[in-house]
Amino acid sequence: MAQKPSIPKGTRDFSPEEVNRRNYIISTIKKQFQHFGFQPIETPSFENSSTLMGKYGEEGDRLIFKILNSGDFLNKVKDDLYAEKDSLKITPKISEKALRYDLTVPFARYVVQHQNEVEFPFKRYQIQPVWRADRPQKGRFREFYQCDADVVGSDSLWQEVEFVQLYDSVFTSLKLNGVTIKLNNRKILSGFAEVIGETDKLIDFTVALDKLDKIGKDGVIKEMKEKGIAEEAIQKIDPIFELNGNFSAKINGLKSILSTSEVGKKGIEELEFIQRAIEAMPLKTAKLDLDVTLARGLNYYTGAIFEISAPEGVKMGSIGGGGRYDDLTGIFGLKNMSGIGISFGLDRIYLVLEELDLFPEAVEENTKIIFINFGEKEALYAMKAVRALRDAGINAEVYPDSAKMKKQMTHANRRNIPYVVLAGTQEMEAEKYTIKHMESGEQETVHLDEIIQKLR
RNA sequence: GUGGUUGUAGCUCAGCUGGUUAGAGCGCCUGAUUGUGGUUCAGGAGGUCGUCGGUUCGAAACCGAUCUUCCACCCCA
């Protein structure tokens, strides 16, 4: 074989079966989004760099795919700048557009740009691919789909409650039982930082704390020390590591840890509101858990923080996440717009469903019945029947060539088409069709109406 | 971005310390079976060993670069 063509690192092709399965997930999520009152929007694959750059931190900027300007872009770079060979400085000169990195920032841009047309509170959903120049691993791609639902323009905590229910509804419909909805609140984390007197190191503190289940208590403490958090401060947070038990028990623990922090107490109030609501309206299959270590990469969140972990035993990172950001649109100049949103990681959910063998067996999209082609006259006879079947809503086709019988049968078999019709001279004379059920091997010669009745 | 790992037939993989025409299972093709697939039997095709370069009398095997896979950091869906 000559040099095989290839696709870039971290991208994938999808076969018909894979697309059907992905569509199954997407349509399930979409249906629930709609049940909860969300409206769809779409935004361009690429945005102006100024819209995206600086919104995800230094690390995020590095992972944004930049698009080169058209034309003789290098010619416009000044000689002294070019001689410096500083990529960071030259990039803005030669690239003014970039592929979107997530759906939240484009959404914020959308809201600001269309603020006069949008009716608030605005509930939107968006299912589109995003791109990250990350190094791929299992469940991490450079092109992947996000399924986001956000509400902008409402401070109500009922939104948080609804998003917990939305998560539960989606995973219940997907038959993916036992996912954990981990809940935290940025105000709790701020409270911790306040209590230990390290408010200026809040981010370092939360990033370290987030790694608890991965590197353990000692690892977390070590990292905090490395980041310059004082020894006695670290000792003060020791009770955090002792938090356990159910939601209420953890809340009680938090109440004593955060008794001196106003912001911390506010966070506890918010958590309790959500918990009470969910207690009154129990979740169908998901579990709600309080995880005070939850923080990762979510530095723009100001209130609730969500993360979804796959059922126990499935080795997969988070399959969804989200939270509240008080000033979603502030970066684009529209103040006092509180937003809250969640995201589903389509590609990871796919991997989890595949691992647990949870995709439904029936592939509705597949052809139900195929007609063997015996020649020109017979093909016309078959085509007429196929037209009637299609009009009746049945997926039907005629084999295009009058190839060998064996080849045509094998084709039907490989495509898992359940029924094959053989109609030759005899059948044509009787105005009938011989229909064969592939799985049982049984066949009978009947009128077209009977076939339509049978398959409808 | 850092460190490591992987790449041999369509697929899953053998191939010992470099030594003639590179193997297996499954799959594929043909026939037994000219109006019957999935089973069985008999034959058969298919690989410049990811790519480029180097070491060597000789490379799938050793070295370098590059692409790709997966993993750990970083970060994250």
Side-chain angles (χ1 to χ4, degrees), chain A residues 1-12 25 29 56-64 87-88 100-104 127-148 203 207-208 210-211 214-215 219 223 294-299 306-310 315-323 341-352 370-375 378 399 402-428 433-443 445:
Chain A
M1 103 206 89
Q3 315 127 296
K4 273 188 192 167
S6 62
I7 55 174
K9 189 197 303 198
T11 64
R12 290 133 324 137
I25 300 174
I29 292 175
Y56 309 100
E58 210 177 303
E59 191 68 30
D61 282 358
R62 207 192 73 211
L63 295 177
I64 291 173
S87 302
L88 281 179
R100 66 167 165 253
Y101 178 87
D102 70 0
L103 300 177
T104 304
I127 299 175
Q128 290 191 279
V130 302
W131 294 270
R132 295 184 188 178
D134 206 355
R135 202 176 276 202
Q137 286 180 33
K138 195 188 192 89
R140 300 180 73 163
F141 309 98
R142 302 180 102 178
E143 177 184 62
F144 62 97
Y145 269 71
Q146 286 194 330
C147 312
D148 278 28
I203 290 176
V207 167
D210 183 62
K211 295 178 185 163
K214 204 168 196 176
I215 60 178
E223 179 161 333
L294 191 61
R296 59 192 344 189
L298 312 173
N299 289 323
F306 303 109
E307 187 173 295
I308 307 301
S309 52
K315 215 183 151 200
M316 180 60 68
S318 101
I319 55 175
I342 62 172
S343 180
F344 292 83
L346 170 67
D347 300 271
R348 288 189 176 181
I349 292 172
Y350 184 100
L351 292 171
V352 171
I370 187 165
F371 286 64
I372 298 293
N373 187 329
F374 288 113
E378 292 87 343
Y399 193 86
S402 79
K404 279 187 184 163
M405 182 85 177
K406 183 186 172 81
K407 188 179 164 98
Q408 300 191 44
M409 292 299 286
T410 303
H411 178 76
N413 197 46
R414 288 204 183 128
R415 285 185 53 200
N416 284 318
I417 298 174
Y419 292 96
V420 171
V421 170
L422 300 93
T425 327
Q426 284 178 23
E427 283 88 350
M428 283 165 72
Y433 298 85
T434 298
I435 178 169
K436 170 166 179 156
H437 185 232
M438 291 296 273
E439 205 178 323
S440 66
E442 284 167 16
Q443 57 187 63
T445 304

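Everything quoted here is computed from the prediction, not taken from an experiment. Letters go in sequence order (proteins before strands), and every chain restarts at 1.
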Contact class for G424(A) vs. all strands (heavy atom < 4.0 Å): base, sugar-phosphate, or nothing? base
How close or far is atom P of C70(B) from atom NZ of K9(A), stated in whole angstroms? 11 Å
Short N/O separations, protein against nucleotides 1-5 of chain B, under 3.5 angstrom:
| unit_1 | atom_1 | unit_2 | atom_2 | d |
| --- | --- | --- | --- | --- |
| G1(B) | N7 | R62(A) | NH2 | 3.4 |
| U2(B) | O4 | R135(A) | NE | 3.4 |
| U2(B) | O4 | R135(A) | NH1 | 3.0 |
| G3(B) | O6 | R135(A) | NH1 | 3.2 |

Tell me what L422(A) touches on the nucleic acid: a base, only sugar-phosphate, or nothing, going by heavy atoms under 4.0 Å. base
In whole angstroms, how far is the C1' atom of G37(B) from the OH atom of Y399(A)? 13 Å
R140(A) has an atom CZ; how far is it from atom P of C70(B), in whole Å? 12 Å
The side chain of M438(A) lies closest to which of these nucleotides: G37(B), U36(B), A77(B)? G37(B)
Answer yes or no: does a side-chain N or O of Q408(A) lie under 4.0 Å from OP1 or OP2 of G37(B)? no
Pairing annotation in dot-bracket form, given for RNA chain B with Watson-Crick or G-U pairs under 3.5 Å and | for cross-strand partners: ((((..(..((((.....[...)))).(((((.......))))).....(((((..]....))))))..))))....
Spacing of the C1' atoms in U51(B) and A60(B) (rounded, Å): 14 Å
With a non-hydrogen cut-off below 4.0 angstrom, is G60(A) in contact with a base, only sugar-phosphate, or nothing? nothing
Donor-acceptor check, side chain of E143(A) to backbone of R12(A), threshold 3.5 angstrom: yes or no? no
With side chains defined as the heavy atoms from C-beta onward, is the minimum distance between I64(A) and D61(A) less than 4.5 Å? yes
Among the candidates C71(B), G35(B), U36(B), find the nucleotide nearest to the side-chain atoms of K138(A). C71(B)
Mind checking whether Q146(A) and F344(A) have side chains closer than 4.5 Å, heavy atoms only? no
Side chains of M438(A) and V420(A) in contact at under 4.5 Å (non-hydrogen atoms): yes
Mind checking whether F374(A) and S402(A) have side chains closer than 4.5 Å, heavy atoms only? no
Counting the atoms with a prime plus P, OP1 and OP2 as sugar-phosphate, which does Q146(A) contact under 4.0 Å by heavy atoms, base, sugar-phosphate, or nothing? sugar-phosphate
For E427(A), report the nucleic acid contact type (base, sugar-phosphate, nothing); a contact means any heavy atom under 4.0 Å. base
Tell me what G375(A) touches on the nucleic acid: a base, only sugar-phosphate, or nothing, going by heavy atoms under 4.0 Å. nothing
Using a cut-off of 4.0 Å on non-hydrogen atoms, how would the nucleic acid contact of G57(A) be classed: base, sugar-phosphate, or nothing? nothing
Among A72(B), G37(B), A77(B), the nucleotide that comes nearest once only the side chain of S318(A) is considered: A77(B)
Using atom C1' in both nucleotides, what's the gap between G25(B) and A9(B) to the nearest angstrom? 12 Å
Would you tabulate the nitrogen or oxygen pairs shorter than 3.5 Å linking the protein to nucleotides 29-33 of chain B?
| unit_1 | atom_1 | unit_2 | atom_2 | d |
| --- | --- | --- | --- | --- |
| C29(B) | OP2 | R414(A) | NH2 | 3.2 |
| G31(B) | OP1 | K404(A) | NZ | 2.8 |

Check whether any side-chain N or O of R132(A) sits under 3.5 Å from a backbone N or O of R142(A) as a donor-acceptor pair, and report yes or no. no
In whole Å, what is the span from the CZ atom of F141(A) to the C1' atom of U69(B)? 12 Å
Send over the distance from I308(A) CD1 to A77(B) C1', rounded to a whole Å. 12 Å
In whole Å, I'd like the distance from the OH atom of Y419(A) to the C1' atom of G38(B). 17 Å
I'd like the C1' distance from A77(B) over to U8(B), given in whole Å. 35 Å
Once you round it to whole Å, what is the distance between P of G35(B) and CD1 of I372(A)? 12 Å
Determine whether a donor-acceptor pair (one donor, one acceptor, N or O, separation below 3.5 Å) exists between the side chain of K436(A) and the base of G37(B). yes
